Amino acid sequence: MIVKYGGNAMKSLELRRAVAAEIAALRAQMPVVVVHGGGPVIERELAARGIPSEFLGGLRVTSPQAMDVVEMALCQLNKQLAQDIGGAVGLMGRDCNLLTAETFDPALGRVGRVTGVNADLLRTLLGAGITPVVGCVAVGPDGDALNINADTAAGAVAGALNEGIVFLTDVDGVYRNYPDPASRANALSRAEAEEGIRAGWIAGGMIPKVRAALDALDRGAPHATIASGMVAGVLAAAARGEAGTRVTA
């Protein structure tokens, strides 16, 4: 199972460690690969250096100067998360070309789209009982680092391993009539998800989450679940398809 661990589940040390404990517990049931971003950490480090944050289409515009800070911040967080989980190793895209990518929009600077995943490395670690924790910095064709959206990176890893994925976020799943909890969809087909976007009941910040789930399916993941990373006990249930919203082909 691939677990995408996002910034909203890292806003406090207590919450971060609670989620890490759930990941460690899930590992007793199935092999786990963790893929993480770190928006709040990156924001803090950029602000400390007087580097402005700018977003375009939901992606961070990343100058070479900002890229240095992004990589530094994510590397530190990567090791902390691996330590929190235990029995884990923190990896970045530079390690054995774990994530390779190419730029796709000059306006975004050093932002990349994943073109390759070293699945053999991940399988070797999983086979040894070690949990890979992957930070979303890839290596570009020029050998330098590229900033990668964590959702799409996690989907690429899920596709490369042909495994399901859980996107941990700050909501319980996809609602047909937000915020009515009774309207949460337990499951959505691709066609239903795309219709929800067209009809408008999938809107705002949920659209990129659902598109990330669909992208994971496109890359080869058998299913993708959107679930809360803010509530204890949800991760294991989501991995079984019993919490959140599971999106399937």
Side-chain angles (χ1 to χ4, degrees), residues 1-45 73-93 95 98-99 121-137 149-151 153-155 157-158 161 163-174 181 184 186 209 212-213 216 221 223-247:
M1 178 64 66
I2 314 305
V3 176
K4 187 271 175 172
Y5 184 14
N8 285 321
M10 301 177 188
K11 287 187 174 178
S12 74
L13 180 61
E14 181 182 10
L15 180 59
R16 192 186 85 194
R17 289 181 173 168
V19 173
E22 292 206 25
I23 292 170
L26 179 63
R27 183 178 55 202
Q29 304 173 35
M30 63 188 72
V32 176
V33 177
V34 179
V35 181
H36 72 88
V41 177
I42 293 168
E43 287 291 323
R44 184 185 69 212
E45 296 299 332
L74 287 181
C75 277
Q76 182 182 52
L77 178 60
N78 180 254
K79 301 305 180 183
Q80 292 169 339
L81 292 177
Q83 181 181 14
D84 289 345
I85 294 166
V89 61
L91 299 167
M92 304 296 283
D95 296 308
L98 176 55
L99 298 177
L121 174 60
L122 297 175
R123 292 190 186 100
T124 297
L125 292 168
L126 292 170
I130 298 170
T131 298
V133 179
V134 182
C136 291
V137 172
N149 175 271
D151 287 334
V157 170
L161 293 175
E163 293 286 350
I165 180 170
V166 176
F167 292 93
L168 291 180
T169 182
D170 56 353
V171 294
D172 293 330
V174 182
R184 178 178 61 83
N186 294 323
K209 295 180 178 68
H223 50 79
T225 302
I226 298 168
S228 174
M230 317 293 282
V231 181
V234 169
L235 177 56
R240 297 190 300 268
E242 299 170 0
T245 300
R246 176 165 287 194
V247 183

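Model, not experiment: these values are computed from the prediction.
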Distance-only criterion, 3.5 Å: show the donor-acceptor pairs between side-chain atoms of residues 34-44 and protein atoms not counting sequence neighbours.
residue : atom : partner : partner atom : Å
H36     : NE2  : N78     : ND2          : 3.1
E43     : OE1  : S53     : OG           : 3.1
E43     : OE2  : S53     : OG           : 3.1
E43     : OE2  : R60     : NH1          : 2.8
E43     : OE2  : R60     : NH2          : 3.0

Next on the checklist: To the nearest 0.5 Å, what is the distance between CG on L235 and CE on M1?
Outcome noted: 8.5 Å

Next on the checklist: Regarding D151 and K209, does a basic nitrogen lie under 4.0 Å from an acidic carboxylate oxygen?
Outcome noted: no

Item to check | Any donor-acceptor N/O pair, K79 side chain to G90 backbone, under 3.5 Å | outcome: yes

Next on the checklist: Using the side chain to side chain contact (heavy atoms under 4.5 Å, CB included) criterion, which residues pair with D95? Sequence neighbours excluded.
Outcome noted: L91, M92

Checklist entry - Passes side-chain contact (heavy atoms from CB on, under 4.5 Å), V157 versus L98? Steps please. => result CA-CA 10 Å; V157 170; L98 176 55; over 6 Å; no

Checklist outcome for this item: Here the side-chain hydrogen bond (donor to acceptor under 3.5 Å, both in side chains) pairs for residues 234-244, sequence neighbours left out, are R240-E242

Next on the checklist: Please give me the minimum heavy-atom distance between L99 and G135, naming the atom from each residue.
Outcome noted: CD1-O, 4.0 Å

Let me check something: any side-chain donor-acceptor pairs from residues 23-33 under 3.5 Å, sequence neighbours excluded? List them with distances.
residue : atom : partner : partner atom : Å
R27     : NH1  : G86     : O            : 2.5
R27     : NH1  : T131    : OG1          : 3.0
R27     : NH2  : G86     : O            : 3.1

Next on the checklist: Going by side-chain contact (heavy atoms from CB on, under 4.5 Å), R184 matches just one of V171, V174, D172. Which one?
Outcome noted: D172

Quick one: side chains of residues 223-233, donor-acceptor pairs under 3.5 Å with protein atoms, not counting sequence neighbours, listed by atom name and distance.
residue : atom : partner : partner atom : Å
T225    : OG1  : R246    : NE           : 3.3
S228    : OG   : M230    : N            : 3.0

Item to check | salt bridge (Lys or Arg N to Asp or Glu O under 4.0 Å) involving D84 - partner list, sequence neighbours excluded | outcome: R16, R17

Checklist outcome for this item: Tightest non-hydrogen contact, residues I85 and A20, listed as CG1-CB, 3.8 Å

Item to check | Non-hydrogen atoms of A158 and A221 that approach each other most closely | outcome: CB-CB, 3.9 Å

Item to check | With sequence neighbours excluded, residues passing side chain to side chain donor-acceptor pair (under 3.5 Å) with E163 | outcome: none

